[in-house]
Participant: 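Take this structure first; my questions come after.
Quantities reported herein were computed from a predicted structural model and do not represent experimental measurements.
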Amino acid sequence: GINERVRGLLKNLIEIFVVINKDQLQQNDILKEIKRLHPYYDFILDVEDYQLSEEFDINWLLENQSEIVLKKIAINKDIKRILKEELNKSYHKELGHIFIKYFSD
């Protein structure tokens, strides 16, 4: 895993990247290195266009619960579908709260 201190710093950095123009950032070498740390970072740094894969873990939604980040994630209809399916199979209180607040129409 990634050191807790580094994870905390990366969470703050991700919020900044989510707000800034992502097209310019995709070519940034630092961003490319961050994405290589773990599949989660590939997901969170390109959430609007993220193509779901077997690596995707619905619990990633719990990793950074910033309103800025969750609003961006909620744009992705595939993630909404997966989250709804997971909650129907096995309810999780925190994920349920995220679904109601950010994903319900």
Side-chain angles (χ1 to χ4, degrees):
I2 297 171
N3 175 303
E4 276 297 314
R5 183 174 175 276
V6 172
R7 282 179 62 205
L9 294 171
L10 287 171
K11 282 172 90 170
N12 295 337
L13 188 61
I14 286 166
E15 286 186 34
I16 294 167
F17 284 152
V18 166
V19 174
I20 297 174
N21 182 337
K22 76 172 185 111
D23 293 331
Q24 291 176 348
L25 292 173
Q26 294 304 323
Q27 303 307 315
N28 184 294
D29 290 337
I30 294 171
L31 201 61
K32 289 177 185 176
E33 288 300 314
I34 292 171
K35 286 181 170 190
R36 288 187 197 130
L37 292 174
H38 190 277
Y40 165 75
Y41 294 107
D42 188 35
F43 156 71
I44 200 70
L45 292 169
D46 195 20
V47 72
E48 292 170 331
D49 298 321
Y50 183 76
Q51 299 297 312
L52 292 178
S53 68
E54 289 183 19
E55 291 181 324
F56 178 74
D57 182 346
I58 200 68
N59 292 305
W60 289 349
L61 300 181
L62 301 172
E63 185 69 29
N64 188 331
Q65 295 187 35
S66 153
E67 186 170 341
I68 294 167
V69 171
L70 289 171
K71 282 182 177 182
K72 286 283 188 179
I73 293 172
I75 293 169
N76 189 313
K77 299 299 180 192
D78 289 332
I79 294 173
K80 178 181 179 176
R81 178 182 49 78
I82 297 289
L83 177 56
K84 188 174 184 178
E85 289 172 3
E86 285 294 318
L87 288 170
N88 285 332
K89 280 192 261 182
S90 175
Y91 187 76
H92 184 284
K93 185 177 179 178
E94 286 182 82
L95 288 174
H97 175 74
I98 289 170
F99 182 83
I100 291 167
K101 187 168 183 178
Y102 298 100
F103 289 87
S104 59
D105 297 325

Participant: Would you mind reporting whether I58 and H92 have side-chain heavy atoms less than 4.5 Å apart?
Facilitator: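 Heavy-atom side-chain distance check fails, nothing below 4.5 Å.
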Participant: Please round to the nearest 0.5 Å and tell me the distance separating atom CG of L62 and atom NE2 of H97.
Facilitator: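 Those atoms lie 11.0 Å apart.
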Participant: Do L10 and L37 have side chains that get closer than 4.5 Å, going by heavy atoms?
Facilitator: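 Side chain of L10 against side chain of L37, heavy atoms only: contact under 4.5 Å found.
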Participant: Between R36 and Y41, does a side-chain contact (heavy atoms from CB on, under 4.5 Å) hold up when you go through it step by step?
Facilitator: CA-CA 8 Å; R36 288 187 197 130; Y41 294 107; over 6 Å; no
Participant: Check side chain to side chain donor-acceptor pair (under 3.5 Å) between E4 and all other residues, then give those that pass, not counting sequence neighbours.
Facilitator: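 Counting only residues at least two positions away or on another chain, E4 forms a side chain to side chain donor-acceptor pair (under 3.5 Å) with R7.
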Participant: Is it possible for you to say whether I100 and L95 belong to one hydrophobic cluster, with membership spreading through side-chain heavy-atom contacts below 4.5 Å?
Facilitator: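 No; tracing contacts between hydrophobic side chains, which count when under 4.5 Å, never links both residues.
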Participant: Can you measure from CD1 (I73) to CD1 (I44) and round to the nearest 0.5 angstrom?
Facilitator: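 Rounded to the nearest 0.5 Å, the CD1-CD1 separation comes to 4.0 Å.
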Participant: Can you name the residues that form a side chain to side chain donor-acceptor pair (under 3.5 Å) with K93, not counting sequence neighbours?
Facilitator: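 None.
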Participant: Could you tell me if the side chain of V47 sits less than 4.5 Å from the side chain of V69, heavy atoms only?
Facilitator: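 No, side chains not in contact.
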Participant: Going by an N to O cut-off under 4.0 Å, is there a salt bridge joining E85 and K89?
Facilitator: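 Judged by the 4.0 Å cut-off on N to carboxylate O distance, E85 and K89 do not form a salt bridge.
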Participant: Measure the shortest side-chain to side-chain distance between L45 and K35 over non-hydrogen atoms and say whether it is less than 4.5 angstrom.
Facilitator: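 Yes, at least one pair of side-chain atoms sits under 4.5 Å.
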Participant: Quick one: ring pair (Phe, Tyr, Trp, His ring centres under 6.0 Å) partners of Y40, sequence neighbours excluded?
Facilitator: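 W60.
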Participant: Can you name the residues that form a side chain to side chain donor-acceptor pair (under 3.5 Å) with K11, not counting sequence neighbours?
Facilitator: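 K11: no side chain to side chain donor-acceptor pair (under 3.5 Å) contacts found.
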Participant: Under the salt bridge (charged side-chain N to carboxylate O under 4.0 Å, His left out) rule, collect the residues that match up with K101, sequence neighbours excluded.
Facilitator: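 Salt bridge (charged side-chain N to carboxylate O under 4.0 Å, His left out) list for K101, sorted by chain: empty.
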Participant: Grab the two heavy atoms, one from N76 and one from F103, that are nearest each other, plus how far apart they are.
Facilitator: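 Minimum heavy-atom separation between N76 and F103: O-CE2, 4.5 Å.
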Participant: Roughly how far, to the nearest 0.5 Å, is CD1 of I82 from CG of L87?
Facilitator: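 The distance works out to 11.5 Å.
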Participant: Could you report the tightest heavy-atom contact between L70 and L61, atom names first, then the distance?
Facilitator: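 Reported closest heavy-atom pair: CD2-O, 3.9 Å.
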Participant: Mind listing the closest non-hydrogen atom pair of I79 and F43 along with its distance?
Facilitator: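 Looking at all heavy atoms of both residues, the shortest contact is CD1-CE1, 3.3 Å.
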Participant: Tell me, please, which residues at least two apart from D78 pass salt bridge (charged side-chain N to carboxylate O under 4.0 Å, His left out).
Facilitator: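 D78 satisfies salt bridge (charged side-chain N to carboxylate O under 4.0 Å, His left out) with R81 only.
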Participant: For A74 and Y102, work out which heavy atoms get closest and say how close.
Facilitator: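 That closest heavy-atom pairing would be CB-O, 3.1 Å.
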